[in-house]
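Here's the structure we're looking at; comments come further down.
Below, read A as the first sequence line, B as the second, and so on, with proteins coming before strands; counting in each chain starts at 1.
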2 protein chains.
Amino acid sequence: MLAYTTIQMSPRLGSDGIDQPVPLPLGQARPQQILFFAPGSEIYAQGQKARNIYQVEFGAVRVYRLLADGRRQISAFYLSGEVFGFEADANHHFFAEAITGTSLRLFPRSKFGDISQELFSLTLRCLTRAQEHLLVLGRQTAAERVAAFLLDLAERQGGLEQVELPMSRMDIGDYLGLTIETVSRVFSKLKDKEIIALPTLRSAEIKKWNALQAMSE
Amino acid sequence: MLAYTTIQMSPRLGSDGIDQPVPLPLGQARPQQILFFAPGSEIYAQGQKARNIYQVEFGAVRVYRLLADGRRQISAFYLSGEVFGFEADANHHFFAEAITGTSLRLFPRSKFGDISQELFSLTLRCLTRAQEHLLVLGRQTAAERVAAFLLDLAERQGGLEQVELPMSRMDIGDYLGLTIETVSRVFSKLKDKEIIALPTLRSAEIKKWNALQAMSE
DNA sequence: CGGTAAATTGAATCGTGTCAATGTAAGTGG
DNA sequence: CCACTTACATTGACACGATTCAATTTACCG
């Protein structure tokens, strides 16, 4: 986990699963406001003016694009502490929605006079993540994708056995380029092999880390 | 196409297909050196120290990752004028190779004291491209992927009918998450429908733009 | 030209998608 | 507190698109 002196991307979950206060990113920049978004509500839409960078205080966010016929690709999920909303020009190229009830810190783009090293670093990290995800979508099987997804989520939640899944099976499918049925089948197979347990629909327990890691590539 | 006062990403091909001089990016930064790479030669490897940002003077570059069993995902191709080599930390996370004989301008990272607006802008554009490609890999069919690929290449080469394909079918497959056979079959089908012509293995002519555009989504 | 690597084409297989039915958890009102 | 509703997830049977494996064919270069 990162030290306090650098940028905090990982969510900070207490042992009871309740979010801990999240450090501010972006140097001395102060958020203009904190906003709450109800489950399923829109944070921004494709084509809208991109006014802010966002940091998740608690909750979870999906960022996605749509094809004309309704096919959806989720490009990333964002959890507590993580930052999103970078855009190459004045407008958003994606949609962003709250998955669960979500509180966001807004950092107005207009306040970024000089690009800080921290903002740049966050952008590069976002780029690296997107490029890594290309490998998953382009070259991995359904089982490998799900395994990689669970390990990624686990790591971002502090490496605990218990992994929260704020998103639906449909969201997971649209992130991994799979249908809900395939996601569900892989989950069931992992459960049968006792690699994971599924205590509720929205959580998973990783029982055999090395088996998952071996699967994920 | 972009004005001269802003960053030049598009290749500048003359009507004879010969590269024109490419403007310098990155503000007043001057390249330390210009290097030539033979076809197939390595520009950098995963894990290596990331010392430079690169601009293609002429030629073409593939940037990719490998899975343990040899599966490869090309995350992007770079053509004349385009800039690559951004990394989130001190090391490269990908491999880069010259496809054809390629000349590169090297901009040492050590010389970037403050992050320039232009460097940031290039990074954001790279991010947006990666995110767009996620949609292709996650949610499009083989025919849609190839159509989108041809249109993208055509646009980056100035929107001419004649499109150069510096990369092999294998490269195209590894970029689109397909096998060479599938790529080849789609090419043949497009040729049969007279949507494209294939005068040589390494070039394509787009005959029916709207048909391709309709296919690509 | 002839040799070689790359690309194309064909046939069979496999993985994931599609469609349909069933199961399950959470929420509502009686 | 329980029936009822509704949305979501799981499971099964089948279809289809892409891969695999194999056989040609084509383009390129000495």
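B/Glu181 has no carboxylate O lying under 4.0 Å from a charged side-chain N of B/Arg169, or vice versa, which leaves the two without a salt bridge. In this structure, A/Arg145 does not pair ionically with A/Asp152, as no charged nitrogen and carboxylate oxygen lie closer than 4.0 Å. Taking a cutoff of 4.0 Å between a charged side-chain nitrogen and a carboxylate oxygen, B/Arg62 and B/Glu97 qualify as a salt bridge.
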**OP:** Might you work through the side chain to side chain donor-acceptor pair (under 3.5 Å) test for B/Gln213 and B/Ser216, ending with a clear yes or no?
**Re:** CA-CA 5 Å; B/Gln213 269 146 7; B/Ser216 79; over 6 Å; no

**OP:** Kindly determine whether A/Thr128 and A/Gln131 satisfy side chain to side chain donor-acceptor pair (under 3.5 Å), including the steps that lead there.
**Re:** CA-CA 5 Å; A/Thr128 301; A/Gln131 289 171 333; 4.7 Å; no

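Taking atom CD1 of A/Ile180 as the reference point, atom C1' of C/dG17 lies 11 Å away to the nearest angstrom. One can place CG of A/Asp174 at 17 Å from P of C/dT16, the figure rounded to the nearest angstrom. Atom CD1 in A/Ile99 sits about 17 Å away from atom C1' in D/dA7, given to the nearest Å. The nearest whole Å value for the distance from the NZ atom in B/Lys189 to the P atom in C/dG10 is 10 Å. Across the protein-nucleic acid pair, B/Asp171 atom CG and C/dA6 atom P stand 11 Å apart, rounded to whole Å. Atom CD of A/Glu144 is separated from atom C1' of C/dG15 by 12 Å (rounded to the nearest Å). Here the P atom of nucleotide D/dT10 and the CG atom of A/Asp192 are 12 Å apart, to the nearest Å. Rounded to whole angstrom, the span from the CG atom of A/Leu198 across to the C1' atom of D/dA9 amounts to 11 Å.
Taking a 6.0 Å sphere around NZ of A/Lys49, one finds it holds 12 or fewer heavy atoms contributed by other residues, nucleotides or ligands.
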Filtered N/O pairs between nucleotides 24-30 of chain D and protein, under 3.5 Å:
none

Output a table of nitrogen or oxygen pairs between the protein and nucleotides 15-19 of chain D separated by less than 3.5 Å.
from	atom 1	to	atom 2	distance (Å)
D/dA18	OP1	B/Ala142	N	2.8
D/dT19	OP2	B/Thr179	N	3.3
D/dT19	OP2	B/Thr179	OG1	3.2
D/dT19	OP2	B/Thr182	OG1	2.4

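Residues A/Phe94 and A/Val63 have side chains in contact (heavy-atom distance under 4.5 Å, counting atoms from C-beta outward). In this structure, the side chains of B/Tyr54 and B/Arg105 stay at 4.5 Å or more apart for every pair of heavy atoms.
Under the ring pair (Phe, Tyr, Trp, His ring centres under 6.0 Å) test applied with A/His92, the options A/Tyr44, A/Phe86, A/Phe84 reduce to a single match, A/Tyr44.
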